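What's counted below: heavy atoms across the whole structure, side chains too, no hydrogens, waters or symmetry copies. Each chain gets a letter, A, B and so on, in the order the sequences are listed, and its residues count up from 1. Everything numeric here is computed off the predicted structure, so don't read it as measured data.
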Protein chains: 2
Amino acid sequence: MTEAVQTRPGGRSARVRAAVHRAVGDLLATESPEALTIPAVAARAGVHPTTVYRRWGSVAQLLADVATSRFSGDIVVPDSGTLAGDLERWMSDVATDLTDPDVLALMRATIGSGPEGGCACTVDRHDQLRAIIDRERARGGKVPDLERAIDTLLGPLYYRAIFSDQPASSAWARGLVATLLATM
Amino acid sequence: MTEAVQTRPGGRSARVRAAVHRAVGDLLATESPEALTIPAVAARAGVHPTTVYRRWGSVAQLLADVATSRFSGDIVVPDSGTLAGDLERWMSDVATDLTDPDVLALMRATIGSGPEGGCACTVDRHDQLRAIIDRERARGGKVPDLERAIDTLLGPLYYRAIFSDQPASSAWARGLVATLLATM
DNA sequence: ATGCTAACGCAGCGATGAGTGCGATAATTT
DNA sequence: AAATTATCGCACTCATCGCTGCGTTAGCAT
């Protein structure tokens with residue numbers, strides 16, 4: 001008795017999904033956050049509102065889906081041979097990503113949509129950081145605690161992006177790596 | 001020709017303002033963030049929707065007003081005599097404040113309402129931190145850079161509150177002070 | 001090639017949020 | 001105490017968001 005809930009991710013469904021995701025990004029980039037309503041997204045995506053209502057249900061779930069897919073697999077974990085090199089390269093990439101105003105708008109909206117919105121933006125970053133640290137440990141090097149790395153590296157970076165009007169340059173972000181490794 | 005835009009903050013106006021502010025907090029604490037609409041706030045506050053429309057105009061402006069007033073003057077800047085003591089006491093208070101789920105809900109909603117929502121939650125924190133550092137400088141002690149203090153202290157704290165599911169205990173928050181003063 | 005069915009589009013309904021003109025109330029001034 | 005006017009409540013209109021049957025299209029399997 002195979003109760004396999006069949007899904008069909010190919011062809012039109014994927015096209016619709018992509019169009020809706022792009023529409024969410026476009027609307028957040030141009031309009032006010034309150035304007036992000038399901039009919040508006042559907043119209044922008046060239047899709048019928050009914051489709052969005054049925055597949056995602058609410059704006060919050062839609063945003064969570066868009067955010068997790070946008071913030072996953074977008075940055076490749078570097079392998080420079082040393083922990084410092086890996087971290088600096090990775091932090092530089094993450095900081096550069098946070099330079100984009102559209103990315104910030106998506107993050108803000110996702111955070112505002114529910115209690116778990118913030119996690120959706122950073123789970124993959126945590127996984128990447130863990131991968132970098134694990135690889136250094138496999139090399140036999142001394143590694144910092146993961147939580148401490150998150151606090152020291154991602155904390156200031158995302159704080160500047162969301163709570164401060166300070167720009168977060170990639171050079172400054174690389175500097176955070178030095179602070180972490182110095183106090184290890 | 002005095003074009004003074006007269007305002008009258010006494011009596012009923014203040015009462016309405018307080019009721020609306022409390023209603024925003026209550027709704028964010030109980031309902032979903034999308035349920036925070038002006039008619040809902042007005043109903044909860046026992047005030048006519050027209051009043052809210054005229055005084056605040058939009059949910060975003062209302063949230064910004066509530067957030068700035070909620071996150072201003074709520075924590076008294078301590079004066080223990082030493083920089084470390086001041087910072088530890090202050091960080092402990094800030095961390096404790098962030099323990100309240102209702103506070104987090106308000107912060108999330110404010111962030112999601114617009115590009116400057118995050119700043120509304122932290123301007124007063126920055127002022128307080130500046131005051132602490134300035135006082136230590138007046139004492140003649142060695143002081144860290146303000147920006148560096150913001151990055152090291154508030155960064156990890158607010159990151160945990162918004163982006164991570166890690167609890168931010170006040171003891172852990174006090175530990176951040178040690179890291180800052182060690183790398184000064 | 002054909003059947004099955006998940007996924008989409010269409011038409012339309014009910015509910016409600018956004019906004020306006022006008023009179024009433026109450027805070028502030030003279 | 002009386003006048004002034006900022007502020008609020010009421011009644012009402014308009015726009016549109018959320019949602020539901022129903023028929024149609026197009027993946028996926030045999």
Of all residues at least two apart in sequence or in a different chain, which pass the side chain to side chain contact (heavy atoms under 4.5 Å, CB included) check with V59(A)?
-> L36(A), I38(A), L63(A)
B/S/- contact track for nucleotides 17-22 of chain C, protein heavy atom under 4.0 Å = SBBBBB
Under a 3.5 Å cut-off on both pairing distances, which runs of 3 or more consecutive Watson-Crick or G-U pairs involve DNA chain C?
-> C:1-30 with D:1-30
How many Å lie between CZ on R55(A) and P on dG9(C), as a whole number?
-> 10 Å
Side chain to side chain donor-acceptor pair (under 3.5 Å) pairs touching residues 26-40 of chain A, sequence neighbours excluded, are D26(A)-R44(A)
For T99(B), all residues meeting side-chain hydrogen bond (donor to acceptor under 3.5 Å, both in side chains), sequence neighbours excluded = none
Enumerate the residue pairs fulfilling ring pair (Phe, Tyr, Trp, His ring centres under 6.0 Å) with a member in residues 148-184 of chain B, sequence neighbours excluded, ordered by first and then second residue.
-> Y158(A)-Y159(B), Y158(A)-F163(B), Y159(A)-Y158(B), F163(A)-Y158(B), Y159(B)-F163(B)
Quick one, which residues of residues 19-32 of chain A touch DNA chain D with a heavy atom under 4.0 Å?
-> none
Kindly state each residue pair satisfying salt bridge (Lys or Arg N to Asp or Glu O under 4.0 Å) with at least one member in residues 152-181 of chain A, sequence neighbours excluded.
-> R160(A)-E147(B), R160(A)-D151(B)
For R130(B), enumerate each residue passing the side chain to side chain contact (heavy atoms under 4.5 Å, CB included) test, keeping only those at least two apart in sequence or located in another chain.
-> D127(B), D134(B), L146(B)
Contacts of type side chain to side chain contact (heavy atoms under 4.5 Å, CB included), residue L104(B), not counting sequence neighbours = L98(B), R108(B), A161(B)
State whether T51(B) places a side-chain N or O below 4.0 Å from either non-bridging phosphate oxygen (OP1 or OP2) of dG9(D).
-> yes
State whether a side-chain donor-acceptor pair under 3.5 Å links R139(B) with T82(B).
-> no
Only counting residues at least two apart or in another chain, list the ones meeting side chain to side chain contact (heavy atoms under 4.5 Å, CB included) with S72(B).
-> D124(B)
Quick note, ring pair (Phe, Tyr, Trp, His ring centres under 6.0 Å) partners involving residues 100-125 of chain A, not counting sequence neighbours, are none
